[in-house]
Engineer: 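Just passing along the structure, written as structure tokens.
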Amino acid sequence: MSKLSLPHNSSMLKKDFLYGVATASFQIEGGIDHRIPCIWDTFCNTPEKIADGSNGATACDHFHKWQEDIDLIEELGVDAYRLSISWPRVMHKNGELNPEGVQFYLNILERLKSKNIKAFVTLYHWDLPQYLEDNGGWLNRETSYCFAEYADKISQAFGDLVHSYATLNEPFCSAYLGYEVGVHAPGIVGKEFGRKAAHHLLLGHGLAMQALQKNSPNSLNGIVLNFTPCYSNSDSEADLQATKFADDYINQWYIKPLFNRQYPEIINQLPENCRPEIHDGDMDIIAQPLDYLGINFYTRLSYQADEKEHFVEMPVPEPRTDIGWEIYPQALTDILISLNDTYSLPPIYITENGAAMADQMIDGTVNDQDRIDYYQSHLNAVNTAIEQGVNVKGYFAWSLMDNFEWAEGYLKRFGIVHVDYQTQKRTIKASGLAYKNFISSR
Ligand code: FCB
């Protein structure tokens, strides 16, 4: 069996470098009768939005199998587990906490604690309560304040059980995929919406950070951003400029306000109706000090100039994963170094990295050498960035187990543990065993 390894002097082999696995509530829980509806329930019920026509009603049935799943996490020998809280499970429509939902997570957090596994809790991994969407969702500034209230109440309820909080997971995806191109819930389409949603998400983040720093000053409090580094298709001035615009639009838009209190310059090139409404003081709220920055990385994209649009995406070359994303680990090193050069960053955690592969279960085992190769090359990429001065403190594999992959439904498998959706049987893949052996060899 193939192994994961790093050079013996790598700081990623020290015990204080954290290794974890990650999941998100809607993708694994099911148990929808025990919570109010969210935008992903509605989106799944809309014809043709999800590739296999599926939904999150059962998913991995983690709602019932959470004890077994935590035992599995323990068996992998990881230091930390990154999970997300389902806002519609822990809050009633009237804004009060739902004790049953809160207890579900308290049980999980206590079990993790008893096993010495650090809980990395994300407050918003895309499952907005539907009643808030009915009121405008992230296009309504009030949603930012509702989010802060939820953050305030839940962080009080969790006490000191949480090692680290993230306010949002990937606001780019919520804003751009959800409110601009419409391929994610709530499926709204229009250039005039994406930046507005992004601003309210970031405002909600800043307000929630204030609540977290007050209620949970001893946890690591921050945010998780995804980066898809942008490469120019040629050295022509036009392509370079188009690529810079793309980078500002999809990457820098979400990080620059956090550290530099402003949106990228391109905001001035956008038509008036596509700009967010920024109130006095908003940028100061958004730029709360962060204890850490979570970075999710999967792939890169290449761009060229276009006469009508600011940029166009080039076709994705090989090698690609099963979801069609290029395998290009160098981009992870590049983005870590360039962010570190551009901003005054707090410690960094790689909060997601992993690959969908066309797994085959043969005689009860999944020999996913391609996924092991992906992990190896990306661990190397992180190590190279650290050697060049980037302060990375941890790494989370996406995902603990196969799960509901949003618009792809259950067709794309990202787990290091295989899930049989008929029987809900979990089987650790070769990649899971390699990760386990790597972690325990430190
Ligand atoms: C990220 C999401 C995560 C998962 C991976 C593959 O964008 O945060 O939930 O779906 O992609």
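This structure is a prediction, so every number in the text was calculated from the model and none was measured. Each ligand, and each atom within it, is numbered from 1 in the order the structure gives.
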Engineer: Closer than 4.0 Å to some heavy atom of W406 - which atoms of ligand 1 meet that?
Structural biologist: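 Near W406, the atoms of ligand 1 are 3 (C), 4 (C), 9 (O), 10 (O).
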Engineer: For atom 3 (C) of ligand 1, grab the closest protein heavy atom and report residue, atom and distance to one decimal in Å.
Structural biologist: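 It is E352 OE1, 3.4 Å.
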Engineer: Do the numbers put R82 on top of the ring of F396, so that NZ or CZ is under 6.0 Å from the six-membered ring centre and no more than 45° off the axis?
Structural biologist: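 No cation-pi geometry.
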Engineer: As an exercise, identify every atom of ligand 1 less than 4.0 angstrom from a heavy atom of H125.
Structural biologist: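 By the 4.0 Å cutoff, the relevant atoms are 2 (C), 3 (C), 8 (O), 9 (O).
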Engineer: Between W253 and R195, is there a cation-pi geometry (under 6.0 Å to ring centre, at most 45° from the normal)?
Structural biologist: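 Yes.
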Engineer: Can you tell me which residue and heavy atom of the protein come closest to atom 7 (O) of ligand 1, and the distance to 0.1 Å?
Structural biologist: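 That would be E170 OE1, 2.5 Å.
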Engineer: Do the charged groups of K115 and E74 touch, with an N to O distance under 4.0 Å?
Structural biologist: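 Salt bridge flag = yes for E74 with K115.
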Engineer: Closer than 4.0 angstrom, basic N to acidic O: yes or no for K429 and D402?
Structural biologist: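 Yes, K429 and D402 are salt-bridged.
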Engineer: Which ligand 1 atoms, with their elements, are less than 4.0 angstrom from a heavy-atom of N169?
Structural biologist: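 So the answer, numbered in order with elements, is 8 (O).
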Engineer: If the cut-off is 4.0 Å to any non-hydrogen atom of F414, which atoms of ligand 1 fall inside it?
Structural biologist: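 Atoms satisfying the 4.0 Å criterion: 6 (C).
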Engineer: Counting distance only, does the side-chain N/O of T333 pair as donor-acceptor with the main-chain N or O of A381 below 3.5 Å?
Structural biologist: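 Yes; judged by distance alone, with no hydrogens or angles, the pair exists.
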Engineer: So that I can tick it off, tell me whether R413 and D322 are bridged by a salt bridge, with the cut-off set at under 4.0 angstrom between side-chain N and carboxylate O.
Structural biologist: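 A salt bridge is absent here (no side-chain N lies under 4.0 Å from a carboxylate O).
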Engineer: Starting from atom 10 (O) of ligand 1, locate the nearest protein heavy atom and write down its residue, its atom name and how far away it is, to 0.1 Å.
Structural biologist: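 Closest protein heavy atom to atom 10 (O) of ligand 1: E405 OE1, 2.7 Å.
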Engineer: Which residue holds the protein heavy atom closest to atom 5 (C) of ligand 1, what is that atom called, and what is the gap in Å?
Structural biologist: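 Among all protein heavy atoms, the one nearest atom 5 (C) of ligand 1 is Y298 OH, 3.3 Å.
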